[in-house]
Chemist: 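Take this structure first; my questions come after.
Every chain is numbered from 1, with letters handed out A, B, ... down the list of sequences. Values in this document were obtained by computation on a predicted structure and should not be read as measured data.
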Amino acid sequence: MKARVTVTLKNGVLDPQGKAIEGALRSLGVEGVDSVRQGKMFEVELATSDPERAKTLLKEACERLLANTVVENYSIELL
Amino acid sequence: MKARVTVTLKNGVLDPQGKAIEGALRSLGVEGVDSVRQGKMFEVELATSDPERAKTLLKEACERLLANTVVENYSIELL
Amino acid sequence: MAPNEPEMTPELVAEHGLKPDEYSRILKLIGREPTITELGIFSAMWNEHCSYKSSRLHLRKLPTKAPWVIQGPGENAGVIDIGDGQACVFKMESHNHPSFIEPYQGAATGVGGILRDVFTMGARPVACLNLLRFGAPEHPKTRHLVSGVVAGIGGYGNSFGVPTVGGSVNFHTRYDGNILVNAMAVGIAKTDEIFYATATGIGRPIVYLGSKTGRDGIHGATMASASFEANAEEKRPTVQVGDPFSEKLLLEACLEIMANGCVIAIQDMGAAGLTSSAVEMGAKGGLGIELDLDKVPCRETGMSAYEMMLSESQERMLMVLRPEKEQEAEAIFKKWGLDFAIIGKTTDTKRFVIKHQGLVKADLPIMELGDEAPLYDRPHVPTPPKPVIDAASLTPPATTRDALLQLIGSPDLCSKRWVWEQYDHLILGNTVQRPGGDSAVIRIGEGPKGLAMTTDVTQRYCEADPVQGGRQAVAEAWRNITASGATPLALTDNLNFGNPERPEIMGQLVGCLKGIGEAATALDFPIVSGNVSLYNETQGRGILPTPSIGGVGLIDDVKKSVGVAFRGEGRALILVGQTQGWLGQSMYLREICGREEGAPPPVDLAAERRNGDAVRKLILSGHVESCHDLSDGGLLIALAEMAMAGGVGAHLDAAPAGVPAHGLWFGEDQARYILACVEGAAGDVLKALDAAGVPARRIGVTGGDALKVDIDASISVSELSKAHEGWLPGFMAASAKT
Amino acid sequence: MRAAVLLFPGLNRENDAMRALQQAGGVKPTLVWHSDHDLPKGTDLVVVPGGFSYGDYLRCGAIAGRANIMNAVRAHAERGGLVLGICNGFQILCESGLLPGVLMRNSNLRFICRMQHLRVERNDTPFTNAYAKGQIIEVCVAHGEGNYTAAADTLARLEGEGRVAFRYSDSAGSIGGDANCNGSMNDIAGIYSERFNVLGMMPHPENLIETIMGGTDGRGLFESLAAATAKAA
Ligand SMILES: Nc1ncnc2c1ncn2[C@@H]1O[C@H](COP(=O)(O)OP(=O)(O)O)[C@@H](O)[C@H]1O
Ligand SMILES: [Mg+2]
């Protein structure tokens with residue numbers, strides 16, 4: 001089965017990338033974007049078809065590798 | 001209003017980061033992940049509350065800046 | 001005082017890292033209970049990191065003066081005169097605990113912080129170095145930490161645009177839970193345009209510059225001084241995220257307003273951010289400071305006074321500007337896209353007053369915040385001396401060849417190319433001696449002058465005998481600079497130790513400082529800046545005592561500098577210095593015999609001085625083509641490094657009578673160098689050394705594609721390289737964490 | 001030759017480029033600030049130097065590639081003016097559409113700074129006339145994202161039109177394997193525009209113009225430019 005994991009910076013953690021993008025959009029004349037925060041997204045293919053096992057597995061992958069939980073949050077979506 | 005933009009590598013474009021993550025998960029003993037592809041995600045706050053205008057705006061942002069359409073696809077989700 | 005203040009409980013006080021007697025001191029000092037903001041301010045100012053309360057007493061004894069020292073310890077960085085109206089500004093600093101928790105960002109912000117220290121003084125950074133200590137390779141976290149720390153150092157320095165030209169990497173199980181990330185930055189300024197933190201003038205505006213303030217690293221400085229428990233990862237303190245792009249803009253903007261004469265005083269916001277920078281500016285100038293926090297540019301809404309005062313958001317500065325130049329300065333900052341806000345003023349009250357939303361959140365005596373910080377003469381016991389190990393008592397290796405291959409491919413002696421290739425060491429186009437040799441040499445501007453730089457410490461010597469270890473760390477840095485042809489001028493130190501409340505650890509600190517001081521005095525190599533990192537212990541076990549030394553030297557003409565590589569065949573090899581075959585605490589003993597034992601090699605400072613001065617003179621007179629000092633691993637390791645760097649082998653004479661072969665090849669006697677010179681110069685070189693009273697002898701000649709030692713050892717240079725270059729990439733390839 | 005060096009915030013090799021232009025090309029270039037709209041009058045050559053424009057935070061060169069001044073650079077190139085993009089400059093030229101393709105993360109996922117041999121694919125361009133065709137030169141690389149990637153048809157066209165300027169090679173001139181430091185398709189280290197007046201390259205010739213700094217193989221590029229513009233003038 002497939003899943004999507006998104007990893008985002010915790011609130012309050014500096015996001016220099018988002019800040020740079022906001023500035024660039026403004027100077028390109030793309031108006032009306034108030035704020036941008038950049039995160040990572042992983043499209044994952046899993047061997048299992050059991051949603052519970054999939055979730056446990058992905059949680060482990062996030063905790064151990066995909067996210068640094070000191071500064072990042074993650075969320076898991078089964079597709 | 002809020003929106004989420006995801007930018008992913010086109011099919012067929014090599015994703016060394018995804019490959020590295022697959023390898024790392026295996027070496028950490030996280031079994032059962034067949035493949036990983038890494039993309040970017042942007043959480044965007046918009047001034048407008050009109051979904052049509054929001055979409056047009058985000059499309060413009062993607063075409064002009066957020067995605068490099070030579071190698072990347074993008075998708076827009078209003079939240 | 002402000003309403004809604006939490007009650008001061010012993011728990012709250014303890015959470016702020018303050019001991020009960022320290023809290024009593026606060027009560028006595030201000031005559032009432034502190035507000036929460038004030039408690040935060042005290043905790044930041046009085047922790048180990050800012051107040052040096054355990055080390056101050058002993059640091060005072062270090063030699064810090066020389067005719068060429070413009071500014072010793074006490075400012076953001078040390079400053080030395082390098083002639084022609086130029087000054088060299090440099091310092092080293094640790095980011096150990098943050099790097100353990102978040103290796104990439106921890107190391108990156110460490111580099112950002114030390115760069116800021118240097119350009120705050122008006123210097124343009126020209127080089128970075130680092131000294132890294134990781135846990136045992138087998139430890140499950142080591143790979144991940146190496147990968148993240150190295151990427152973080154590179155990520156920040158490469159983007160900021162300064163070459164990272166040198167460093168040192170070792171592994172040992174005693175760093176398993178407490179890695180060391182010490183970063184050094186070196187800059188160049190004009191001697192008459194150095195900037196200091198001392199505020200002058202009353203009623204002058206205090207200006208905030210740079211990035212916005214967020215809730216980053218609140219209590220970071222306190223964390224950096226607290227011991228690690230096994231659950232450190234669960235505590236998840238906020239780690240700062242670095243923004244090298246903003247820092248590069250901050251650099252350019254700061255140097256521009258300095259050049260335009262806008263600045264009276266400047267202080268970067270490092271550990272304990274706004275608190276320590278503002279207090280320092282006021283206290284140094286004997287002035288009061290009043291801040292209105294409503295004016296502070298914030299990245300997040302609803303930040304309290306407490307949070308703003310303790311935030312460690314990066315890439316920020318505090319300044320006192322010339323009032324008539326304020327608009328000019330503001331325009332420059334706006335041009336670079338940086339925040340600029342007047343957040344307060346200097347006063348004549350000598351008080352530190354913090355206002356927020358119309359309320360006074362803190363009102364403290366400014367001088368006492370620094371001056372009255374606790375000062376401890378902690379009990380210390382000396383490390384008991386270790387027995388001297390006689391080389392003859394150790395079994396020789398099965399073959400010299402296998403011992404050499406094993407040593408040259410061991411984690412501590414292997415090539416660190418995998419590390420320094422991730423650092424842009426060539427940007428700015430001035431790197432004359434690149435990483436991989438003894439010290440890096442960079443040209444200053446268009447030359448011909450250059451700076452030589454190195455970072456060193458041999459922690460296993462410090463553990464076995466702190467005094468000799470302290471001496472050796474300084475001597476090795478001095479030697480590395482000498483080996484490039486430069487004259488060592490001054491050093492910065494970063495004292496990484498365990499818990500100073502343990503008398504044996506305090507004994508290590510005191511012993512190392514004694515040794516450092518003796519060597520610095522004997523070698524005319526004063527200490528001009530430094531940093532202390534204590535409480536590096538996990539579950540009661542401290543790190544190896546690691547007083548890192550960062551040395552800087554000067555060479556009049558970079559074209560005269562030499563590297564370690566053999567430059568061709570038929571070069572005479574001359575060993576400088578006395579060889580007894582000292583194997584106690586050697587790499588040979590540890591890696592080949594599996595023992596970490598004995599007394600470390602003694603450091604004869606007079607011999608260091610004599611031998612080094614003679615070697616330098618020969619290099620500068622053009623008699624010497626390549627030079628390498630002898631350190632970890634001894635003679636054969638150094639020869640192998642010279643052969644690999646040059647792609648040329650050597651034929652070495654057999655050991656002389658009286659020294660066991662393994663002692664000769666792998667002993668770590670100090671004050672030694674190998675020189676390579678063209679055949680025609682060898683006689684003159686030996687004569688000059690003899691005249692200077694320096695023991696030296698010819699030990700072989702370069703040539704062929706192998707290192708030929710004695711009957712058992714002929715090792716091709718390519719085989720050596722394979723072992724030397726192979727270990728680290730092989731170790732790291734076993735992981736692929738991004 | 002009149003040369004302009006563009007300065008975007010976050011670039012950091014502008015002085016290296018200026019020094020090379022001066023020492024090897026014999027010209028004193030003008031520094032042009034990113035928010036300017038025009039190039040200095042009579043500009044023959046625009047150099048986009050290396051660094052981390054806007055922190056390279058979105059994609060390398062993406063934000064700079066869309067800056068105003070790039071319109072002027074585009075117009076300059078359309079008139080046949082010379083444009084040289086080095087490292088981040090190459091990335092900026094790709095992002096701005098002046099050159100095809102993109103530079104992706106190095107295949108080993110690490111930043112890499114080291115000496116690197118290149119094969120000069122042709123010497124009949126304004127950028128390489130001082131080199132011999134097929135000459136192996138040694139310069140350095142210093143980048144995290146230099147892995148040249150393009151669609152198959154783009155690549156075929158580049159090859160068909162002889163628009164590969166430099167390829168990564170070993171000291172003997174062999175292509176492929178470990179000599180390719182970043183995984184670039186077809187070992188591409190630099191490419192030309194259709195009319196051969198725009199060159200983008202990842203390696204840094206500007207850091208190898210003096211013996212004391214490890215070699216002079218980078219000089220040829222700047223000498224070529226000086227010769228080409230002298231001829232044109
Ligand atoms: N972390 C690092 N960063 C940059 N260069 C490094 C690093 N670690 C080691 N090096 C380089 O590798 C070479 C060998 O280091 P080391 O064995 O510590 O030298 P030495 O024994 O002369 O002090 C030196 O040029 C050093 O600068
Ligand atoms: Mg050395």
Chemist: Just how far is it from atom CD of Glu72(A) to atom CD of Glu102(C), taken to the nearest 0.5 Å?
Modeler: 7.5 Å

Chemist: Above 12 or not: heavy atoms from other molecules or residues under 6.0 Å from NZ of Lys2(A)?
Modeler: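 Counting other residues, nucleotides and ligands, NZ of Lys2(A) stays at 12 neighbours or fewer.
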
Chemist: For residues Lys19(A) and Asp243(C), determine if any side-chain heavy atom of one lies less than 4.5 Å from a side-chain heavy atom of the other.
Modeler: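 Heavy-atom side-chain distance check passes, below 4.5 Å.
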
Chemist: For a quick test of reading the model, state the closest non-hydrogen atom pair linking Gly242(C) to Pro16(A) and the distance between them.
Modeler: O-CG, 3.9 Å

Chemist: Check this for me: Lys295(C), atom NZ, are more than 12 non-hydrogen atoms of other residues, nucleotides or ligands nearer than 6.0 Å?
Modeler: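 Atom NZ in Lys295(C) is not crowded, with 12 or fewer foreign heavy atoms closer than 6.0 Å.
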
Chemist: Would you give the length of the straight line joining atom CG of Asn68(A) to atom CD1 of Ile101(C), rounded to the nearest 0.5 angstrom?
Modeler: 10.0 Å

Chemist: Suppose a student defines contact as a heavy atom less than 4.5 Å from any heavy atom of chain A. Which residues in residues 297-305 of chain C would they list?
Modeler: Arg299(C), Glu300(C)

Chemist: Using the test side chain to side chain contact (heavy atoms under 4.5 Å, CB included), find all partners of Leu57(A) that sit at least two apart in sequence or belong to another chain.
Modeler: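 Once residues adjacent in sequence are excluded, the partners of Leu57(A) under the side chain to side chain contact (heavy atoms under 4.5 Å, CB included) criterion are Leu46(A), Val30(B), Val33(B).
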
Chemist: Find out whether Ser313(C) and Leu14(A) are in side-chain contact, i.e. whether some heavy atom of one side chain is under 4.5 Å from a heavy atom of the other.
Modeler: no

